[in-house]
Structure formats: C-alpha cells, structure tokens
Amino acid sequence: MADIREDATKFVEWLSSQIIEAARGDRESYLEVDPRGKYWLGRLATEEEVMSSPFGDRSERMAPCAIGIRIKPKGPAPWCLKLTASACAWWRDRTMPGVTAWRKTPVFSESKTITVEREGIDSTSETLEELSERFADELDATVLQAAVRIDVERGRGGATEIVVSMVNESPESSNQLADTGLYQVQLQVSEIDTVPFLLESLPDSYRYDRRIAAYGINCGIEVDEVGRISTTDTPTVNRSRPIYWSVDAPLPDFSFENLAHSPIESLEKLVEEHEKWGESAWSKETLDRRAIAENWSDEMRASADEGAGEFWEESNRIKRGLGHLRTDDSLLRSFRLMNQSMEISSRGKYDSWRPFQIGFILANIESILSSDDAEIVDILWFATGGGKTETYLGLLVMAAFHDRITGKKSGMTAWSRFPLRLLSLQQTQRFADATAAAEIVRRKVGIEGDPFSMGFFVGDSSTPNRVLLDPPAGKPDSLDPSMPARFQVLLRCPFCDGDVTMKFDRALWRLMHCCSNDDCPWPEDGLPIYIVDEEIFRFLPTIVVGTLDKVALISMQAAMRGFIASPYGVCSQEGHGFTYAPRSSRPHGCLVPGCSSVSRPLTSPAKRFAPTFRLQDELHLLRDSLGAIDSHYEGLLDHLEGKSSDIRPKVVASSATLTGFERQCEVLYQRKGRVFPTQGPRAELAFWTTADKNQLLRKFIALAPRGATLEFAADRSILVLQESVRRLVSDPGSVCSEIEIDPANVQQLVSLFGTNVIYGNTIRDLDACARSLETQVPIDPLVTAQLTGHTPFEDVRNILERLEKPESEFDERIHVVTASSMMSHGVDINRLNTMIMLGHPLTTAEFMQATARIGRTFPGVVFVLHKMPLERDASLFRSFKSFVEQGDRFVEAIPITRRSRKVLERTLPGLMMARLLHLHEINSGQALTLITRVRDYFSTQRIDAKHELSEIVSLLHIDVELEPKLCEEAHSILSRFFDLLHDPAVNKKFPNELFANPVMRSLRDVEEQSPIFD
Ligand SMILES: [Zn+2]
Ligand SMILES: [Zn+2]
C-alpha cells in the first residue's frame, strides 16, 4: 500500500486546486449563469465601477480594478523592466434562443518593455493595445481596455520604489458584452534586478530572514527561480512537519519503559547533545561570523548574545535536574514511577517522550524539590509542537509521587486552571487517564496515602456546585434518576477504558462516575473523579483541573480552604471526607447535608496540605480586564497560602506567545517569567525541533474574495470540498487515477478529508454561515454541527465523539463543523484536515492555535478567507507568507495591567471577604459570618481600615508612594466598610452586604475582555 501521508499530500494539493480553479473559472469556457455571480477570484472590475462606488477605498479592496507589484530597483536609474499582463473575458452569447449562455475568450497576454528614465516621483500610463485588439477581434467589439501604470515613488528610507499595475479601463457597462470585467488576470515583472524589502526590525530580528522580494497590491506575489515576479490570487505557504531531534547523534532512548527502569544514561546523552549543539550554534565565533555575513546592527548582535545567555541557562537547568536525579533517591523513584504511569496512560498510542518534553521536565525538577524556584514562572511555549498536556502531566504526576513518598498523604498537589470555556472534555480525560495510571502504579508498589484522584472544578454551568437535600427547581436533585447522566464528564473509564455510567450515591452523597467493567483495576464503585465542587472540597483530589473563574469562590466559600491551606479535620463518618469551618447548617463542618458526626483531627501534616503547583494553561489569554482581575486574585492566593502554610506555590504555565511574557508574569504573579524551550539562533534552527522538509504539515492558502461576500466564498468552497470527497466515495477509480493515489487508501482519505471545519471569529459570522450552508449549498445530505462557547455541554460531548468515531456510512457523518475559538484549545481530532477560516482572528496567537487543529497527524489545508474591507486583513493578505512563516514575531504583546482603580473597585470586596474567611475567622476560633460577630472581633483585636489597607496594599504589591490614587481608592472602600460595620443603625446581616459593589462570584462576567485604560 502506498504511504498514506504521501497520498494525503497529493489529495491536499488536488482539493486546493479544485477550489481555486472553481473560484476563478480556469477550467470552464461555457456557463448558463452570470460569471459575476459565480467566480470570486481573479476578476478585475472596471475602474469606472470602483470610482463610482460609495465604499471608496474599501471598494477597491473588495472588488479591485487593478492589481500591482511593488519593487525596489537595484542600482541607479535608468531602470528597464519587462512586464507581461494577461486576462480573459466572458461574453453573453445571445445566439441560442431560450438559453442564457455565457462564453469565455481564450486567455490573451501582452508583454511590454518599460524604461524608467530617472529617479523622482512620477506616474505614467500605457494602454495595453495588443490585448485590447485581441479582445476586439475575438468579441467583434471594441469595448475591453486595459492599461499598465508605472508609479515611481519614494519609499521609507528614501529609496526609489516602482509600482507596476494593471488596470481595467473598460467602460462600466456595455450592451454588447454584458460584463466588462476581466477574468483570470495576472501580471508579471521580469528582467530587472531588485533589492528586497526588509520587514520591520525587531530586537530579535537576527533570528529571521527579513527579506521580501516584492509586495503585491490587491494580490499576492510569487517569485520563480529565475527571479520573475508574478501576481497570484492565492498566496500559499507550505509548512513542514516538525521533527523533535535535530542533531546527527542517535536519538537517546526516551521510551517510558526505559526511563521507568534505568533513566540516567539516556538523560546524560540528552544533556550532552544539548550542550554540544549550543557550543556550535551559539558560540561567539558563530555569532560573529553571522553578524558580518548578515550585516547585523549592534543591537542585533547584543540581542544574539542575550539569546545565547538564555540558552546556557536552559542548559544548566537540565543539567542540574539530572544532578538531582542522580543524588536524590526519592526524586529518582518519583521520576521512574511517573514514567511507569505514563506508559499506562498512553494506552500504547505512543511509547516515549519527545526530547523537548523530557527537557522541560528535567529543567523543572528543581521546583519539585524546593520552593526557591517558586519566584519564577516557568512557561512551556507550545508552538514547538504537540504534547503540551502530557508534558505538564509528567511533571505533576512526578510531583504527586514525590509528595506521597515524602510524607504528604492527602491534599492537592496541583490546581490546573484553564481560561473560561477552554477546558475540553478531551483534555480532562487525559488528566483523568494520567491520574488513574499513577493510582494503578501507587497501588502496585504500595505507596501509602490517599488514592491519587482528580477533581473537575468548573461548577454550575457544566457540573453542580453542590447537591442539596431539598433543591429548588432547576438545581440538581438527588432523587431525580435522570440527573446523574446529565453531568457525565469522562468519556470512558480512565483505569480500563470501560464504559462509564453515572450514579448518585445517597449514602455517601456523591455524584459518581462508575465503571461498568467487572475487571476494572479500580476496586470501588465510584471512580476517584470528583466533579461537584463540594466533593472536591471533601476529598481534595491530587490534581484539580478547572476553569480560572472559580478562583472568586475563595471569598465566599470557607471550604475553599483546601486550595490554600489544610482543612479543619476529617468527618468521623466513613466516606464523608474533610471538614471545614462549622456553620449552623453543618455543626461539625462536614459538607454532607445533615451530617452531625464529629470531626476528627487530620492525620497528615497540616502545613503540607496546600497545592505546591498552580498551573495556568493558555497564559496569553489572560489579558485586559480578565488579566487585571486575575492578577488581584493571584496575589490573594499567594497571600493566604503564605500566611496559612509553608508553601509558596510554583506557577507553571503554557503560552502561545513569546512577546511580553516577562511583563505578563510580573503583573499576574509578581514573579519573573522564563520560557522553555528557548528559541534557536535562527527561526529554522533550534535544538528541540527542526522541520522535515519532505513532510507536509499544513498548507495555508490566502484567499481574498473579489466582489463576493465571505459567506458566499465559504459556501462555494464547502461545495467544492464536499463534491470532491463525494466523487472519491462514488467513483474512487477515476479520482485515484487522476491524482495517482493508491485505491487501498480511499477509505482513509474519505475519513481524513470528509469533514470540513469552518472557523469563525464571531458568533454572528458563524450563524450567518450556518444558515447559508443550509440554503445555499446544493448538496444532500449535508450534516452540519456547531462547536462554540454556546453549544451545550452534552452536545459538545456528542459532537466530539461523532467526529472521533465517525459513522460507517459517509452520508450519516458530520460533514461540516462550524466552530469558534472554543475548538482551538484541546480539540485534537486527527480527522479534521480541512479548514476554512472566515477572516483573521483578532490575535496572531489565535490564528496559530486555531489552525493547529488541522493536520495534527496527516497533512492538512487551511483556506484563509480575508475580510478585505478590514485594514488588518488586507495588510495580512499582503504579507501572508511572512505572517505564516514568522508568526511568532507577529504575536502581539499582551495588554495587561494590575494598577486599575476600576478593577480594584470590583475585586476589593472579595479580597477583604477572603481575608475574613480564611485568616480572621481562623484566628478568632468562631464563625465570623454575621456583622455582629465581625464587629465584636475586630473591636477586641483593634482591627481597622488602616490595618486591612496595609495588608491589601501588600498583597497587591501596590507602591504607596508611586500609586497614591490606587491607595486612596482602596482606603475609601475599606473605610466605608468599617464605618458601616460600626454603625448600629445599619440594617444588614452579613458583612459582604457592607460593600457598595457586590463580592465577585465568578470571573465569568469579565470574560468579555474589555480593555482597561486607567
Ligand atoms: Zn474501569
Ligand atoms: Zn460527615
């Protein structure tokens, strides 16, 4: 059988050409519909049309009357160049009565040699007479006219630039022709030496090839091997699949099996090769040589030195990690047990680490050993390639084993947070698989302590905060037999892959995932997976995954204490779990409704209960108001954890962004940021990854629909994609011989390319697109599905399952998924290999993440439809190739600040309430839930606004001298609180009611990410 990847690559090429040719009309010469309503690429409207359009400049971008090439000529004037312009036309054939017929002329072309005599701004125009004559002869009508314009301009830095364009000068309408547009238009410039343009210089520009041969105007540019510059309707970039070992030495054995037994030798080799590579790629001699050859500025040379410094720091970190493994037995044992666990949880889908994953784990081993490292946020930069979640999990599972081995028998090891709505069920399943595998290993080797378990801390929208004895309507009811199934999170048993059923156990008061396989290695009824908030508090699972917004709960929920310190005790009733501050409804602090059993003291050391790791996935999304508000809560968590335990948690994050991460870490966490892996000295030269030029990863094709809406272009593209795949289904023989693929691969190709993704940036775009698919795409059946933040939890689960395991009949499968950014995180489905993107996302990071859903295992293709009326899309279209190839440097710095009075107004009540709950209440030894109690306690302890202000100023790291206004704001909010607290006339019961702004219940309402200006 021919290699499926090779055939998939051919199939991608074929699909792409099908769409492009259909959009431009390359293969057709006869139509029974108006070509203007069919073709959306390659047409030039008339200049008259554009001039009379009310849309001004935007009209020129939506349906241009000219395309052009901008070059910088080499040497002094005069400059001589050859240009070739070509086009065809469509005319209405009225000779057949009763039939609306259109016919196409051949593609005619004309070449001219142009001389620009001297420098200096100038503009000339020359009619393309030969072209007009050929059209006149063919059509028997002197109507169509085109011209070339030569504009001599002065560019940035004073160099002369020449713009050569081809303009459609035909009249706007003609009775004879019916359509005066030109089709399949192309322009070429040759026989002139040019100087490349340089992309704007950034500090690390020594890494990139900044040269661009020419810029297109209303089009893309292609340069062939002899230097001819042509316009193109479809700027295309092929990206190669990465490989993860870049040096000649054989890849050390990073299999889980080997690392579970005798890891040291392979790790030594890694450290050695890494160092050796650095000595050549980053040496002073190499950089000096390049500085001369590539004409670096002093600034570039200095930043290359900085890059080298970062590389050597990374090298030292992994070396130190190895050193610790050599000398610390508990650590080595944890590492080996972690590898045993990963072998189980990978299910044979992969059996070893990629070198960068092992590198990351080695580099971060210090953070398991001591909290010295906690002053630095370590960021896994995942543009490097897949395997981010597993890399995290490796570190966390190792830390969990280390906790148990060194005496922490209960409590959380890590709290892993995802931005809102971006925690996918697939990702959750992977966390569960790893936790379950670690538990199997823990049992096998007999390590003491609570079972390793996982919590899913999302709450309310997807899973319940609590299950009440007597719930109000709409809340989960323990007596409702259909209730448990609604909250199923796991797709399968993490221990044995068996089917999962849901059940509510009224005796234990647990909403349980249960495995239906009798041979499951997990011995109990309910799996150790907790999805109800209160169960998470009762059992403090080893690894909690959830959404970031839940952090706000710390201000209202005494039982959130396990996230920053130890619980009060353990309920004496078996299976009830940890207890917290007593309340009238829970006299001994047990969270099981109605439990009146006494609480027993904890058996493991209280100081070690709090989590040692706080993870943040997709760090780059914490920006604007969400970032600002979270920064206050991060400060609060550190403050509470610092005052209640010995732990300074380590923050580990993942990010798609390299720009400005230092400042982001500083603002969010008051810590320094550090990225792994460091970037190589050249964009394509890095130790941890390199490109395999023979393997297509993803093809990116930029399309600028002309004279058509984006929905129209999307509909037409879907039509072609679906028709093409259906041809392969119905007539495999002819397609196979046409594109020379092995018939044995047909089934798989149908599966890999039969489902198309339409990615939209707004719900409005997606809804419009979904509606139009229904009515405008004449294909039956066309099964569509939508994946956005508004898609109900249960539907998401079903759609993902159908995508992963498609129906056997092609007609029954999902054919098109319309999706928003919701799918750009954690949805890993190998079957999704074609994407149509409706305009550029707001950020480059999102572009990279969204498109990374495509072509995960097999070659994929992304058609980026540009919204040309938008300046940003138009400009990205012009530099599409550099944008895709050097996306990292286009990633925008992240707007974030902590110092906003508006934000403080919203967060301060929560900060104060959390201090009351987790610090004052503990000190007071009584419930401080009522105003009267708080008043008495604060009076006897002499706690006033000034005291609280100084604590809050310190937890937020506000500089009193530099930020007097922020301090004043905090002071005025706290003063008001204390004034009311001591005012006997106040008619309120609970302290949180004394704030003008409500205590934030969730970060949900700020998710809109409005920018912050003060
Ligand atoms: Zn099972
Ligand atoms: Zn109890």
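Order of listing sets the numbers, starting from 1, for every ligand and every atom in it.
No hydrogens or angles considered: nothing links the side chains of Glu343 and Asn339 as a donor-acceptor pair under 3.5 Å.
Between the SG atom of Cys520 and the SG atom of Cys496, the angle taken at the Zn ion (ligand 1) works out to 110° after rounding to 10°. Here the angle centred on the Zn ion (ligand 2), running from SG of Cys590 over to SG of Cys571, is 110°, rounded to 10°. Rounding to the nearest 10°, we obtain 110° for the angle at the Zn ion (ligand 1) between Cys493 SG and Cys515 SG.
At least one N/O/S atom of His576, whether from backbone or side chain, sits less than 2.8 Å from the Zn ion (ligand 2).
You'll find the side chain of Ile564 reaches within 4.5 Å of the side chain of His918, heavy atoms only.
Contact detail for Asp403 and Thr413: the closest heavy-atom pair is OD2-OG1, 2.8 Å.
For an aromatic pair to be called close, the ring centres must be under 6.0 Å apart, and Tyr244 with Phe356 satisfies this.
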